[in-house]
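Each ligand, and each atom within it, is numbered from 1 in the order the structure gives. Treat the numbers as computed from the prediction; the structure is a model and nothing was measured.
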Amino acid sequence: MAHGHRSGTVTPLAGFTPLGSGKVRDLYAVDGRDDLLLLVASDRVSAFDAVLEPAIAGKGALLTALTRWWFDRLADVPNHLASDPVAIPDAVRDRAMLVRRLSMHPVECVVRAVVTGSGYAEYRETGAISGVRLPVGLTDGDLLPEPIFTPAFKAEQGEHDENIPFDRVVELVGGEVAERLRDRSLDVFRRAAAVAADAGLLLADTKLEFGAEPGEPAVLADEVLTSDSSRYWDAEAYSAGRRGVSFDKQIVRDWLKAHWDGTGAPPSLPAEVVARTADRYRELVERLTGG
Ligand code: PZK
């Protein structure tokens with residue numbers, strides 16, 4: 001997980017030892033507790049594989065609140081939240097989750113209701129995504145007849161995950177666990193999509209991660225159903241033909257596309273782009289959770 005950020009180093013936290021950082025999150029060991037981890041969502045924002053400057057103040061707290069809200073809504077699905085009385089430092093309290101340390105499955109459990117992004121690219125080349133054969137003639141942003149499970153093998157930091165067929169998941173985790181991951185992923189997706197629909201949102205796709213612990217081979221981990229792990233689209237805009245306008249980072253992506261050729265360090269985002277993006281994150285959470 002060695003991955004540098006222009007945003008600087010990971011916040012030092014007394015009583016916790018940094019284990020590594022992703023583009024937008026930091027993971028800590030809890031000193032003296034080898035069964036727990038602290039997962040901290042930063043305010044960093046990434047687009048086109050780059051971490052951008054400046055950070056979006058409040059983003060980490062919003063996405064952490066959203067993950068907690070989804071865990072509540074999906075209370076019958078085992079998740080990794082720990083209830084141990086470990087004091088979380090004030091500096092990260094509202095963007096941190098204390099979690100049980102699981103044995104993570106090396107599979108990204110992606111569910112898609114829409115063909116877009118890397119899935120659409122694969123479909124164009126092969127007619128399938130992760131080995132799931134799809135109808136001929138789909139275009140970018142088309143709704144599928146039903147959500148599909150399109151797993152990917154977790155790449156090292158900085159590499160792109162590789163879509164894999166279900167058979168490969170079976171080889172990686174065994175047939176019983178593979179089926180559990182697939183069925184649980186589809187169940188979570190369908191229920192979340194129904195909740196999103198009530199809020200006027202189309203849940204286009206999501207990426208879930210699971211780990212195993214004694215007695216339960218498929219515990220939901222990581223952040224769930226946030227705008228960093230999922231594409232939420234405005235249902236009305238989608239119906240009106242304005243497809244592929246994702247609810248969160250579209251403003252950042254559009255601005256970057258117009259101001260960066262993808263080489264070298266990306267330019268800093270103007271304050272206005274940062275402010276509008278922050279508004280968009282807030283609006284998503286408000287619409288989903290009712291404020
Ligand atoms: C775990 N990551 C992703 C990478 C981050 C996070 N409950 C868990 N048990 C064991 N391992 C993990 C989890 C969770 N969630 C998650 N890597 C390991 C990751 C980089 C930075 F903050």
Heavy-atom distances under 4.0 Å are what count here, so tell me which part of Glu209 touches ligand 1: side chain, backbone, both or neither.
->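 Neither part.
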Any cation-pi pair here, Arg184 with Phe210, using under 6.0 Å and within 45°?
->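 Ring-cation test returns no.
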Arg182 charged N/C atom sitting above Phe166 aromatic ring, 6.0 Å / 45° | yes
Anything under 30° is parallel, anything over 60° is perpendicular, the rest tilted; go ahead and classify His259 against Trp255.
-> parallel
With atoms numbered from 1 as shown, which atoms in ligand 1 lie under 4.0 angstrom from a non-hydrogen atom of [X]?
X: Asp26; value: 22 (F)
X: Val99; value: 7 (N)
X: Leu37; value: 8 (C), 9 (N), 10 (C), 11 (N), 12 (C), 13 (C)
X: Leu39; value: 5 (C), 6 (C), 15 (N), 22 (F)

Would you check whether [X] has a nitrogen or oxygen atom less than 3.5 angstrom from a nitrogen or oxygen atom of ligand 1?
X: Arg101; answer: no
X: Ser21; answer: no
X: Leu102; answer: yes
X: Arg25; answer: no

Does any N or O in the side chain of Ser130 come within less than 3.5 Å of the main-chain N or O of Pro151, such that one atom is a donor and the other an acceptor?
-> yes
Is the backbone of Thr206 close enough, under 3.5 Å, to the side chain of Ser230 for a donor and an acceptor to pair up by distance?
->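 Checking the backbone N and O of Thr206 against the side chain of Ser230, no donor-acceptor pair under 3.5 Å is found.
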Using the rule that two of Ile, Leu, Val, Met, Phe, Trp, Tyr join whenever any of their side-chain heavy atoms come within less than 4.5 Å, decide whether Leu63 and Val195 are in one cluster.
-> yes
Result of checking Leu201, Leu203, Val114 against Trp233 for side-chain contact (heavy atoms from CB on, under 4.5 Å) = Val114
Determine, considering heavy atoms only, which of Val40, Val224, Asp222, Leu27 sits nearest to atom 5 (C) of ligand 1.
->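 Considering heavy atoms of Val40, Val224, Asp222, Leu27, the nearest to atom 5 (C) of ligand 1 sits in Leu27.
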